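A quick note: this is a predicted structure, and the numbers were derived from the prediction, not measured. Note that these values count all heavy atoms, side chains included, but never hydrogens, waters or copies made by symmetry.
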2 protein chains.
Amino acid sequence: MRQGQYTISFNHPPVIHSTGVAGGPFEARGNLVDAFDYLYEDLYIGESSFEKAQKKLLQTSFEIAIEKGGLVKEDIQHIVCGDLLNQITSSSFATLAMDRPYIGVFGACSTSIEALGLAAMFIDGGYADTVLTGTASHNAAVEKQFRYPTEYGGQKPPTAQWTVTGAGSAVLKSQGNGPRVTSVTFGRVVDMGLKDPFNMGGAMAPAAVDTIQRHLADTGRTPADYDLIVTGDLGQIGRATSLDLLRDQGLELMDETYVDCGLLMYSKDQKVQAGGSGCGCSAVGIYGHFINEMNQGRLQRILAVATGALLSPLSYQQKESIPCIAHAVTIERQGVQ
Amino acid sequence: MRQGQYTISFNHPPVIHSTGVAGGPFEARGNLVDAFDYLYEDLYIGESSFEKAQKKLLQTSFEIAIEKGGLVKEDIQHIVCGDLLNQITSSSFATLAMDRPYIGVFGACSTSIEALGLAAMFIDGGYADTVLTGTASHNAAVEKQFRYPTEYGGQKPPTAQWTVTGAGSAVLKSQGNGPRVTSVTFGRVVDMGLKDPFNMGGAMAPAAVDTIQRHLADTGRTPADYDLIVTGDLGQIGRATSLDLLRDQGLELMDETYVDCGLLMYSKDQKVQAGGSGCGCSAVGIYGHFINEMNQGRLQRILAVATGALLSPLSYQQKESIPCIAHAVTIERQGVQ
């Protein structure tokens with residue numbers, strides 16, 4: 001049912017039955033090793049191109065989520081997924097082998113939460129009992145498409161972020177044990193006129209703030225109602241900017257309970273400038289690390305807010321600014337409501 | 001509710017309250033002039049690039065659908081839309097001005113029906129009362145991205161299709177008069193190994209057949225239960241192939257009641273090889289022509305099946321085959337059920 005202007009609250013909140021998270025060799029040296037079910041040692045993931053590697057990552061995360069859930073692919077009734085590559089080819093190609101009805105989505109790095117929110121609607125609405133959702137990014141595939149092939153060795157400013165090589169998937173079910181998706185707040189497109197593709201965090205911060213504010217207004221909650229508010233890939237600049245913007249609106253978030261997957265992903269000795277980014281960043285952080293934390297009882301209720309920068313290389317070349325969006329879901333342990 | 005393996009039937013089928021359809025100068029000389037609410041005389045649609053022109057077309061269709069429906073943009077609760085350009089920039093940029101929650105989707109040329117089916121779920125599920133959906137394509141923007149800039153004057157084989165410069169949008173409401181979306185059948189990805197980007201119809205035909213068969217099996221209906229089965233952009237090759245494949249499966253479709261928007265779009269003296277294509281093709285045909293026909297009482301129940309080829313230029317260059325998909329919705333006049 002609708003709650004306020006933007007938020008959909010679920011009367012029959014779906015259970016996150018199982019998740020599958022896969023990553024690359026650089027992520028294996030990072031801070032969130034516990035988030036991964038499988039870590040590849042080779043950046044090519046055994047494939048002949050980085051794009052095929054991204055597809056394979058997503059496939060791996062599908063397979064793990066299904067297997068960990070004690071299911072077979074025939075149990076999946078719909079797949080809702082997307083990614084950042086042109087024409088979301090990783091998702092479409094990975095979905096081919098699954099042989100299930102497929103709903104392709106695009107929300108740039110917000111895809112993890114856009115897909116999770118839609119998948120939850122399929123179940124709460126009574127349209128399905130078992131839905132698979134997921135997304136992926138691959139550092140070299142995404143850098144090549146949006147900026148320069150990494151082999152060029154191009155230098156980046158400190159505001160730039162590092163695309164995570166990772167994929168996260170989740171199986172949602174109508175019944176069972178596990179954390180539940182209790183609401184989704186789909187965001188609107190926000191564009192503050194920023195044009196620097198090397199500062200995505202700064203561009204995305206106002207979208208994150210807009211969706212957080214609207215979610216809180218719609219639900220009548222305050223940040224204190226959440227153990228954590230988790231953003232996807234704001235990075236250092238975006239997180240700081242968003243805290244400033246929230247403060248301007250009278251919302252004082254505490255440092256310990258406002259966390260960003262892009263800042264958690266890597267260790268201090270990994271040179272990722274302002275932090276991690278990409279569809280895989282929030283997927284690994286939320287589908288992996290934070291859902292694990294909830295399963296282990298360390299978190300009761302989180303607001304997961306993934307942001308996306310909706311530019312293309314061409315829109316940048318045509319001197320357009322960077323429209324951004326943020327989608328949010330509430331995830332709660334059973335009995336918390 | 002679920003009906004069979006793939007189909008979702010709506011207990012509270014949403015009304016197609018109003019539509020808005022815009023097109024370009026070449027379409028103004030075609031067969032479906034009645035489908036358009038507005039026809040631009042200039043291929044640039046008054047913009048400085050073809051990509052911006054595609055965005056403007058989509059915006060125009062949004063505005064017309066809202067205005068024809070006697071609404072203002074604040075009445076729209078969610079927008080579900082997508083397109084074929086990299087990172088679906090037309091949709092994201094057009095949605096910015098709308099200032100409403102936005103769910104970006106990607107299904108290549110099947111986007112028109114993927115978005116319509118999802119939008120219907122928002123309403124049937126009780127998540128919204130008023131949802132806007134739409135998609136667009138622009139011949140020069142899409143040709144440039146997927147094949148060659150049209151200025152090169154590249155020759156095409158007779159199996160190639162012509163991307164429609166057009167946009168279609170629809171406002172769905174929970175109550176009121178008008179044709180209703182009574183079910184959606186989301187398709188699976190089908191790949192028969194075809195690799196020729198100049199024969200999309202041939203590649204997409206098996207996906208159309210798969211979804212039509214599954215829809216009929218799920219609902220227990222036969223082709224005779226529909227006034228028309230309307231495909232998006234199979235064109236001559238794809239339509240003929242799909243008829244053969246359906247016949248092999250024991251389904252004999254009649255020529256008069258199995259129609260393709262890509263074949264209807266242009267007149268005989270327009271050199272479009274195997275027919276029209278692109279997100280705008282099914283949008284103009286279905287949101288425009290066929291919904292007009294239903295509103296005028298000439299059709300009672302149609303199955304609208306839009307197909308999409310989920311390749312990218314890069315997946316083609318990497319010698320991958322072309323995965324395809326088809327999504328279908330049933331549209332019925334009130335009281336027909």
Please classify the contact of [X] with chain A as side chain, backbone, both or neither, using a heavy-atom distance under 4.5 Å.
X        : result
B/Ser110 : neither
B/Ala128 : both
B/Leu85  : backbone
B/Leu311 : backbone
B/Gln318 : both
B/Ile8   : side chain
B/Ile103 : both

Is it the side chain or the backbone of [X] that comes within 4.5 Å of chain B heavy atoms, both, or neither?
X        : answer
A/Ser48  : neither
A/Asn11  : neither
A/Val190 : backbone
A/Lys319 : neither

Atom CZ of B/Phe198 with >12 non-hydrogen neighbours under 6.0 angstrom: yes

Steps toward side-chain contact (heavy atoms from CB on, under 4.5 Å) verdict (A/Phe106, B/Val105): CA-CA 5 Å; A/Phe106 181 83; B/Val105 296; over 6 Å; no

Side chain B/Gln87, main chain A/Leu84, donor-acceptor under 3.5 Å: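 Such a contact is found between B/Gln87 side chain and A/Leu84 backbone.
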
Donor-acceptor contact below 3.5 Å, side chain B/Tyr127 vs main chain A/Thr7: no

Test side-chain contact (heavy atoms from CB on, under 4.5 Å) applied to A/Asn86 and B/Phe146, step by step: CA-CA 11 Å; A/Asn86 295 343; B/Phe146 279 97; over 6 Å; no

Which residue out of [options] racks up the most heavy-atom pairs below 4.5 Å with chain B?
options                              : answer
A/Gly308, A/Gly125, A/Gly187         : A/Gly187
A/Gly117, A/Gly107, A/Ser49, A/Ser91 : A/Ser49
A/Gly126, A/Pro313, A/Ser312         : A/Ser312

Find the one option among [options] whose heavy-atom pairs under 4.5 Å with chain A are most numerous.
options                      : answer
B/Asp99, B/Asp191, B/Thr95   : B/Asp99
B/Met98, B/Lys52, B/Gln5     : B/Lys52
B/Met1, B/Glu320, B/Arg214   : B/Glu320
B/Ile79, B/Leu310, B/Leu96   : B/Leu96
B/Gln145, B/Glu114, B/Met121 : B/Met121

Aromatic plane relationship, B/His78 with A/Phe186 - under 30° parallel, 30 to 60° tilted, over 60° perpendicular: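 Plane angle over 60°, so perpendicular.
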
Test log, rule side-chain contact (heavy atoms from CB on, under 4.5 Å), inputs A/Tyr316 and B/Thr89: CA-CA 11 Å; A/Tyr316 164 71; B/Thr89 45; over 6 Å; no

